[in-house]
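Comments concern the structure below.
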Amino acid sequence: MPVYRCSIPQGLLTDDQKQQIALEITDIHCGLTNGTPRKFVHVTYEEVAPGATYVGGERSTASKTIGLIRTGRPQETRSELVRQLTDMWARISGQDKADILVALQEVRPRDAMEWGELLPEDGVEAAWIDEHGLTNAGVSAT
Amino acid sequence: MPVYRCSIPQGLLTDDQKQQIALEITDIHCGLTNGTPRKFVHVTYEEVAPGATYVGGERSTASKTIGLIRTGRPQETRSELVRQLTDMWARISGQDKADILVALQEVRPRDAMEWGELLPEDGVEAAWIDEHGLTNAGVSAT
Amino acid sequence: MPVYRCSIPQGLLTDDQKQQIALEITDIHCGLTNGTPRKFVHVTYEEVAPGATYVGGERSTASKTIGLIRTGRPQETRSELVRQLTDMWARISGQDKADILVALQEVRPRDAMEWGELLPEDGVEAAWIDEHGLTNAGVSAT
């Protein structure tokens, strides 16, 4: 975690754009949550055919990114996350902001397991990351 | 938001039925949440192949609709939403209610961005909608 | 409910493995939540193409299982669920635990409908199950 799931219209993004957005989601998330190891940031794209998505009952070309983050991030961080993710998405995809939705859901750290470990609670994160050798050192934050 | 994601067996619904259900989800949501602009109601279908979904460990043909709504709707509204959505789904799809699951999750308004704006909190919604010219006026609620 | 949604790399699992994991998810969930009817446990697989999923901005082969369970399960149960699900997934899929993520989200029983009924609250579950003839009697827990 986090896990960002992006529901996009078929053909909206090239593979290069998908990778670039995945990198920038990682940059934004790690930049705002100070200490999240980059290799914890998952991004998955799901392409949706034209007849399979609607808004207001009419066919839609909106992109919907739902992020699953751990509890404990302050409101200011969460609002800034959706703001920066929206701006970045508009810039790379070329979509109008009227067609971009970003929302965050929360999961308690003790309700999630990764790398065979329950996620660390707020406050013990640094020690946990250190213990598991998961610092960002040596990983360029492009 | 809201975003309704419908996981359905491959071939269950025609394109017309998908559009009709999307319209009725919009009608039901806006009818019960008094003031939600229709163009905020997203519906996405995901078709699942026979070997890819199970219930009790056996192959399943159930439909599962998970709605992401904003916090602040009263319990009575939320229960009525899942009740009306279930009834509508049974009527249009022809599925037995034993094969229909509907569930709601909540997202805080300040954790979501659409149209380039954080979603409005409870109580300031009407002013927000007015300010952004998103009233339902002129949009027929078929 | 519960609904377990498994996002997996394309080709990771055979149909037999998918069914086996669905069975074991059912066993684990029912074993730890004492009283959940087996026919309430949904499992859906979503196969993701190589260029469609990333971790830390690089292509990923991780599996991500997100479970939607009802509120009211104690923390100990929830942590034990993700622990046993991770162990089982590693054993059947052969994936390294560094490539396995399991997380749980909660839904209030009155926010969900299945079999045409709102889900039962904690404490009245047994009576509800009995009333609807949904005991596990006669269903082998393989």
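No experiment lies behind these values; they were computed from the predicted model shown.
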Minimal non-hydrogen separation, [X] against [Y], with atom names:
| X | Y | value |
| --- | --- | --- |
| C/V107 | B/A103 | CG1-CB, 4.2 Å |
| C/M113 | B/T86 | SD-OG1, 3.3 Å |
| C/D111 | B/V82 | O-CG1, 3.3 Å |
| B/S79 | C/R110 | OG-O, 2.7 Å |
| B/G56 | C/L23 | O-CD2, 4.3 Å |
| C/Q19 | B/E58 | NE2-CA, 4.2 Å |

Among residues 41-52 of chain C, which ones touch chain B with a heavy-atom distance under 4.5 Å?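 When heavy atoms of chain B are the reference, residues 41-52 of chain C contributes C/V41, C/H42, C/V43, C/T44, C/Y45, C/E46 within the under-4.5 Å range.
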
What's the spacing between C/L68 CG and B/K64 NZ if we round to 0.5 Å? 11.5 Å

Below 4.5 Å, heavy-atom pairs only: which of [options] has the largest tally toward chain B?
| options | value |
| --- | --- |
| C/Q105, C/E117, C/E106 | C/Q105 |
| C/V3, C/D15, C/L13, C/T26 | C/T26 |
| C/H29, C/E24, C/E114 | C/E114 |

With sequence neighbours excluded, residues passing salt bridge (Lys or Arg N to Asp or Glu O under 4.0 Å) with C/R83: C/E80

Interface moiety of B/L101 toward chain C, non-hydrogen atoms closer than 4.5 Å: both

Under 4.5 Å to a heavy atom of chain C? For B/I66 that would be side chain

So, using side chain to side chain contact (heavy atoms under 4.5 Å, CB included) as the criterion, who are the partners of B/E76 when residues are at least two apart?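 Checked B/E76 against side chain to side chain contact (heavy atoms under 4.5 Å, CB included); zero matches.
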
Using the side chain to side chain contact (heavy atoms under 4.5 Å, CB included) criterion, which residues pair with C/P109? Sequence neighbours excluded.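 C/P109 satisfies side chain to side chain contact (heavy atoms under 4.5 Å, CB included) with C/R70, C/T71, C/L119, C/E121 once adjacent residues are dropped.
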
